[in-house]
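Residue numbering restarts at 1 for every chain, and letters A, B, ... go by the order of the sequence lines. Side chains included, hydrogens not; waters and symmetry mates left out as well; all remaining heavy atoms used.
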Amino acid sequence: MTISETPSHQAPTLNQSKELKEDTALKSHGQDANMEEPKLKVETGDEWQRLSLISILYFTIRNFTNSAQVLIYTIPALAISFNIWDNLLSPEVLIGAGILFLSTSVSGVISFLMYKFRVHNQHVEIHHGVFQRRYTNLPLWRIQNVKIERPFYYRPFGYALVVLDTAGSGKEEAKIVAVPEDYAEALKKQVLYEKALHDEGDLDCLPNEDLSDEQSSSFPTPRTRTKAIDSSHSNEEVLNRRSVKDIIIHGITNNRVWIILGAAAPFYDDVFGLVSEWLADKGLQLNQLVGEQTVAWWQFGLYAFVILMMLMALVALLSVGGALFTFYGYTLSRTGDRYIRRSGLLNKLEVSMRASRIQMITAKQDWLDKILKRVNLYFEQNSTAGQQMQELMSPNKLIVPSVTEDEAFALSQEVMPGCDLRGQDYQTISKRFITFWLLAGWTLPFITFFTIGAVSSHLDIMLGSLVVFSAVSLLLTLRWWRWGIAYDSKYVYIRRGRIGIDYQCFEPYKAQQVIVKQSVFMKRRKQATVKFVLASGAVTVPFLPEDYVNKLADSVLFEVESTRRSWM
Amino acid sequence: MTISAQQETVFSNNQLSVEEIPSLQTLALLPISKKYRTLNILSIGLIALVLIGIASALRFQSFWSLPEGLLQAYPYVVAGIVAVGSLWALYHFFADVRIFYAIREQDISKQSGLIFRKLSCQPILRVQHVEVNRGPLDRWAGLASLQVFSAGGEMHTFEIPGLSIERAEQLREFILAHKDIGAR
């Protein structure tokens with residue numbers, strides 16, 4: 001992964017800012033100096049570059065999936081008007097498919113021809129688009145995330161796809177579709193370096209000339225610090241690896257079925273048709289079972305149970321497959337101030353996140369996780385509004401799947417030093433939480449259904465509503481029991497959950513907004529609800545003692561306003 | 001973790017006792033413009049009138065005949081609109097006078113709500129951008145609403161409605177002139 005670099009120390013004769021410039025120049029124009037890898041040159045110069053030919057494949061596949069996504073909605077209409085399966089091999093269908101195939105491949109070539117890019121003067125510039133020409137210009141230092149993707153058909157040829165995005169809107173994203181892997185890595189390094197330099201420049205505007213001698217470099221001058229950042233970029237430390245066993249556990253404990261179900265969506269109808277046919281073959285008729293009271297209820301229950309178990313097993317199997325698909329070969333590593341996640345079976349995906357961007361750590365433990373003593377750890381970054389990303393792929397959440405409890409502790413310590421999720425003395429919420437939700441949300445439907453049952457003398461409705469009501473109150477009680485908040489001098493912790501437990505931890509100075517809510521009744525009981533809005537989302541803890549909430553809100557606000565630290 | 005704190009040129013970090021931390025409880029709350037309530041009730045009235053107008057136009061037009069059921073439903077529809085409208089107006093009658101805001105050196109706060117009283121506090125340090133919004137009715141009444149956006153997302157836009165236009169502009173200027181803005 002890492003590309004070794006020759007440490008290039010300039011003679012300390014120039015002044016600071018010059019030297020910084022020199023360093024960048026040295027890195028970007030690798031050829032000028034005595035670098036042995038001229039490939040690492042990031043700047044492409046004035047000339048616009050074409051992508052590698054392999055990108056035609058990428059464009060073709062992309063265009064094909066795009067048109068397929070549109071077509072999926074037309075398939076039912078087509079199928080109704082024109083019995084597609086009967087005429088599957090008729091000339092019309094074949095011609096249509098041929099045209100479709102040809103046009104997408106031609107469109108791939110056209111997309112390829114219409115795409116050009118250059119990296120010039122610290123800017124990434126891209127011209128792309130067929131009908132709607134787009135021009136993207138990204139200064140390197142504004143790039144927040146660099147993702148390197150390796151679709152499986154790129155891998156034999158050593159190509160990669162570089163996705164660059166900025167902190168702003170999710171739309172401001174640039175893709176350099178096919179570049180050699182070395183170049184992708186070099187570009188990523190350059191961006192991270194540029195970013196680090198820029199941030200440093202933001203912090204210390206005045207380079208202190210007096211300290212430019214090597215002897216005095218024990219001070220963290222901008223120069224030594226950038227050097228430190230620079231060198232740490234090249235040596236990457238792996239923090240966590242997930243073995244296949246871990247991923248299988250993750251697949252079982254977490255429903256990752258959607259990864260496969262999502263891909264199989266167009267075939268649902270057929271599958272259900274097949275399944276019911278198969279069941280009918282086996283002499284099992286669902287309508288018969290439900291419709292006529294030919295079987296005893298316990299028999300029916302047994303059938304249902306067996307089918308449920310079979311389905312569960314199938315789901316678990318699919319889920320394991322899905323988990324392997326996304327998390328195979330998972331590594332979490334750190335270079336400098338960044339965390340990098342790499343995983344994927346067919347498509348290797350790489351997500352990197354700056355440590356300072358992490359808003360919150362969430363440790364989720366479902367009931368099954370609890371039994372197996374596993375935790376899913378999430379590092380949450382700011383979520384750009386309206387950006388609907390798949391949770392697992394999303395660069396906003398860095399997931400470490402199914403780590404052991406000790407590993408979770410170590411990793412959370414790594415990201416937020418001194419944060420102990422379990423060791424806190426949590427302030428629990430009031431029991432009024434249960435009564436409030438029962439009264440406000442559930443009593444009315446319960447009474448309605450119960451009276452309907454009583455009036456129409458249907459015992460099952462009465463019993464059903466009673467069962468639902470008690471289940472709800474049980475869940476509410478569990479929720480009340482779990483829900484709590486704690487804060488120490490550095491962090492705010494939240495514990496929540498019903499059967500499983502989730503822990504959340506954030507640094508108070510990263511709060512965006514603080515909200516205190518209190519109903520008239522809560523005021524009388526001296527209780528209040530507190531809500532902290534973070535860039536990664538909001539966290540709420542209801543029915544806490546009023547004094548506690550006020551004190552917490554005040555001190556969080558004080559932390560934000562007095563430290564003035566950046567949330568990014 | 002890198003510490004990317006903005007170092008102030010003059011930095012002080014004296015120990016504070018808990019009592020010295022500024023408290024939200026001692027905020028001097030200012031009411032919003034009284035016109036806001038009137039305007040809301042008026043606009044509810046207008047909406048109800050328009051809806052009733054549409055229903056009546058349908059009921060009494062002579063271009064095509066309506067089924068008997070719809071003709072019978074007409075008085076109920078009108079009654080429903082009136083009932084919902086008056087409940088809505090009643091809510092605004094009581095709730096709108098309970099919207100307050102407060103400005104401190106470092107943050108702006110808003111208190112609102114009739115049964116659930118909500119006090120939200122937005123540190124100015126975290127403001128991304130500010131907007132002063134004026135709908136057609138707002139313009140007519142000389143009101144404006146101040147929207148303050150943070151990185152907390154669209155859902156948590158901090159909004160103070162029913163400010164006089166001068167006050168809204170003044171607040172906007174205050175936020176924009178704040179030395180922390182742009183510090184991210």
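No side-chain heavy atom of B:Arg126 sits less than 4.5 Å from a side-chain heavy atom of A:Val533. Within the 4.5 Å cutoff, the side chain of B:Gln128 has no heavy atoms near those of the A:Gln512 side chain.
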#### Entry: Audit row: B:Gln106, A:Arg564, side-chain contact (heavy atoms from CB on, under 4.5 Å) steps and yes/no
CA-CA 10 Å; B:Gln106 305 290 345; A:Arg564 302 209 175 141; 3.2 Å; yes
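Within a 6.0 Å radius of CZ in B:Phe174, more than 12 heavy atoms belonging to other residues, nucleotides or ligands are found. Atom CZ of B:Arg59 has more than 12 heavy atoms from other residues, nucleotides or ligands within 6.0 Å. Environment of CD in B:Glu105: sparse, with no more than 12 heavy atoms of neighbouring residues, nucleotides or ligands closer than 6.0 Å. With a 6.0 Å radius and a threshold of 12 heavy atoms from other residues, nucleotides or ligands, B:Phe60 has its CZ atom above the threshold. Summarising the local packing, NZ of A:Lys490 is surrounded by more than 12 heavy atoms from other residues, nucleotides or ligands at distances under 6.0 Å.
The CD atom of B:Gln122 lies 9.5 Å from the CG atom of A:Leu557; values are rounded to the nearest 0.5 Å. Between A:Glu546 atom CD and B:Gln25 atom CD the span is 6.5 Å, to the nearest 0.5 Å. Here the NZ atom belonging to B:Lys118 is positioned 5.5 Å from the NZ atom belonging to A:Lys517, to the nearest 0.5 angstrom. Interatomic distance, A:Asp554 CG to B:Thr26 OG1, rounded to the nearest 0.5 Å: 7.5 Å. Of the inter-residue distances, the one linking B:Ile108 atom CD1 with A:Gln513 atom CD reads 9.0 Å to the nearest 0.5 angstrom. With rounding to the nearest 0.5 angstrom, the NE2 atom of B:His156 is 12.5 Å from the CZ atom of A:Phe532.
Interface remark: A:Ala511 contributes backbone atoms only to the contact with chain B (heavy atom separation under 4.5 Å). For chain B, the nearby part of A:Leu534 is the backbone; its heavy atoms alone come within less than 4.5 Å.
Between chain B and the options A:Thr529, A:Ile515, A:Val520, the largest number of non-hydrogen pairs under 4.5 Å is found for A:Ile515.
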